[in-house]
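Let me begin by presenting the structure, written as structure tokens, before commenting on it.
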2 protein chains.
Amino acid sequence: MLKSKIETIAENLMTIHPLLFRSLSKPMKARTSITPAGLFVLRGLKKNGILSMSLIGKYLSMPKPHITVIIDRLIEEGYVERHHDPDDRRIVNISITEKGLTDLDEINQIIAEELKVKLLVLDADELEQLSVSSQNVKDKLLYILSKEKV
Amino acid sequence: MLKSKIETIAENLMTIHPLLFRSLSKPMKARTSITPAGLFVLRGLKKNGILSMSLIGKYLSMPKPHITVIIDRLIEEGYVERHHDPDDRRIVNISITEKGLTDLDEINQIIAEELKVKLLVLDADELEQLSVSSQNVKDKLLYILSKEKV
DNA sequence: TATAATGGTTACAAATGTATAACTATTATT
DNA sequence: AATAATAGTTATACATTTGTAACCATTATA
């Protein structure tokens, strides 16, 4: 019985995360107070500039009340800001601050340092493959997500 | 300022998860009582046959007490079994049951069904790329992990 | 044999994430 | 103008994960 391509992709994608995430999160946790969800929001804001609460919720597939909590905390820490949309005052737009940007960079470097040690067992060619493949997976998922939001 | 290759890989790997995991987990949660960590353990057991508690802990980068809780619950549900190692009676080996295997297949199909809908926006060529890339990333991470355990 | 080290469990506290309902403010629809 | 729909918040309960310390049984070491 041959596994379908979709099943293989599903298993691959579901397996990637737990193999690395926890070990990369630990050094981050030791040095910053930011949560995994908060970090992901910061990355989204850095890339997109400004996002509404609802868009962030869709982006993370998280219930709105949780987004409120996450943003409240990021604001406390000075990483993001709330802006009421002038065109539709129901909408709350979130932007990343200077501090958010610099601290995000710092966190990324901490994580990269940690990853670097692990990647030592790969040669240059394998590293290049991992770079290309991970970029490809990420891009495809972002593409899929962008199509969903219509 | 050019981002290093390692930083790019780190960001890619950290971003992949939240883009999909929650939306794939929801249908699973609706139909089974298994937790994400439990599911990951089942996958590891299916692939490796038998794993000790410590190895599972390393595999998931989780503290041992949590592994005990996860295994207790999988045993309650009839998915895995404990075996004391005859050569070293301190060691507890875990094996997956028939029920564990069949239910794991079922869960994988539920997740694949969910993913299938999302992947409709990709053409055959892109799908193939995603398949190859995700496999590559997973294999490389497993390879790195296997080197760590020495 | 006494001591240290290992593998695992128990107990507990705290952080994080999930889910739902009720609510306010604002905008869109009739 | 009344009603419905949307965006977001507050409140609450619960599930899952993380982290630590203390402990037992077994094995390795001195």
Side-chain angles (χ1 to χ4, degrees), chain A residues 17-42 50-77 80-94 149, chain B residues 17-42 50-77 80-94 149:
Chain A
H17 171 73
L19 292 178
L20 257 192
F21 186 76
R22 264 171 272 267
S23 55
L24 293 187
S25 288
K26 268 179 204 165
M28 179 184 100
K29 207 167 194 174
R31 293 216 243 162
T32 79
S33 62
I34 202 166
T35 65
L39 179 59
F40 188 70
V41 170
L42 285 189
I50 286 186
L51 292 171
S52 71
M53 297 294 284
S54 293
L55 272 182
I56 293 172
K58 280 186 195 169
Y59 193 44
L60 276 96
S61 306
M62 274 181 177
K64 277 198 220 166
H66 192 198
I67 306 297
T68 299
V69 173
I70 292 167
I71 295 299
D72 280 350
R73 185 153 165 195
L74 288 174
I75 287 175
E76 263 179 47
E77 288 157 336
V80 304
E81 283 169 349
R82 272 196 177 85
H83 308 278
H84 286 276
D85 191 313
D87 295 334
D88 182 341
R89 294 179 39 74
R90 290 170 301 181
I91 297 175
V92 175
N93 290 312
I94 308 297
K149 274 176 200 154
Chain B
H17 170 75
L19 291 177
L20 256 192
F21 185 76
R22 266 171 271 266
S23 55
L24 293 187
S25 290
K26 268 179 203 164
M28 181 184 98
K29 204 167 195 175
R31 294 215 243 164
T32 78
S33 61
I34 201 166
T35 66
L39 179 60
F40 188 70
V41 169
L42 285 188
I50 286 186
L51 292 171
S52 71
M53 297 293 286
S54 291
L55 272 182
I56 293 173
K58 279 185 196 168
Y59 192 45
L60 276 97
S61 305
M62 275 182 179
K64 278 197 218 164
H66 192 198
I67 306 296
T68 299
V69 172
I70 292 168
I71 296 299
D72 280 350
R73 185 154 165 194
L74 288 175
I75 286 175
E76 262 179 48
E77 287 157 337
V80 304
E81 284 169 350
R82 272 196 179 86
H83 308 278
H84 286 277
D85 191 314
D87 294 334
D88 183 340
R89 292 179 40 72
R90 289 172 301 184
I91 298 174
V92 174
N93 290 312
I94 308 297
K149 275 176 198 153

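Reminder, nothing fancy here: chain letters follow the sequence lines and each chain counts from 1. Nothing here was measured: the structure is a model prediction, and the numbers come from that model. Just so you know, these numbers use all the heavy atoms, side chains as well, and skip hydrogens, waters and symmetry mates.
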Worksheet entry | Separation of D:dG8 C1' from A:I75 CD1 (nearest whole Å) | 12 Å
Worksheet entry | Separation of C:dG7 C1' from B:I56 CD1 (nearest whole Å) | 13 Å
Worksheet item: Under the 3.5 angstrom rule, does the side chain of B:R82 hit a backbone N or O of B:V92 as a donor-acceptor pair?
Response: no
Worksheet item: Donor-acceptor pair under 3.5 Å: do we get one between A:R89's side chain and the base of C:dT26?
Response: no
Fill in: Proximity to the side chain of B:I91 - top-ranked nucleotide from C:dG8, D:dT27, C:dT27
C:dG8
Worksheet item: How many Å lie between CD1 on B:I71 and P on C:dT9, as a whole number?
Response: 9 Å
Worksheet item: Can you give one letter per nucleotide of nucleotides 10-19 of chain D, going 5' to 3': B for a protein heavy atom under 4.0 Å from the base, S for sugar-phosphate only, - for none?
Response: BB----SSBS
Response to the item:
Of B:L39, B:V69, B:I94, B:V80, the one forming a side chain to side chain contact (heavy atoms under 4.5 Å, CB included) with B:L74 is B:V80
Practice prompt. Please confirm whether the backbone N or O of B:L60 pairs with a side-chain atom of A:R22, one donor and one acceptor, at under 3.5 Å?
Written response: yes
Fill in: Value in whole Å for how far the C1' atom of C:dG8 lies from CD1 of B:I94
10 Å
Worksheet item: Mapping A:N93 and B:R90 to their closest nucleotides on DNA chain D, which lands nearer the 5' end?
Response: A:N93
Worksheet item: For the atom pair NE2 (A:H84) and CG (A:N93), what is the distance rounded to the nearest 0.5 Å?
Response: 10.0 Å
Practice prompt. Not counting sequence neighbours, which residues clear side-chain contact (heavy atoms from CB on, under 4.5 Å) with A:P63? List them please.
Written response: A:P65, A:H66
Worksheet item: To the nearest 0.5 Å, what is the distance between CE (A:M62) and OG (B:S23)?
Response: 11.5 Å
Discussion item. Distance check needed: D:dA7 C1' versus A:L55 CG, whole Å only.
Written reply: 11 Å
Worksheet entry | Protein-nucleotide distance (B:I67, atom CD1; C:dG7, atom C1'), rounded to Å | 13 Å
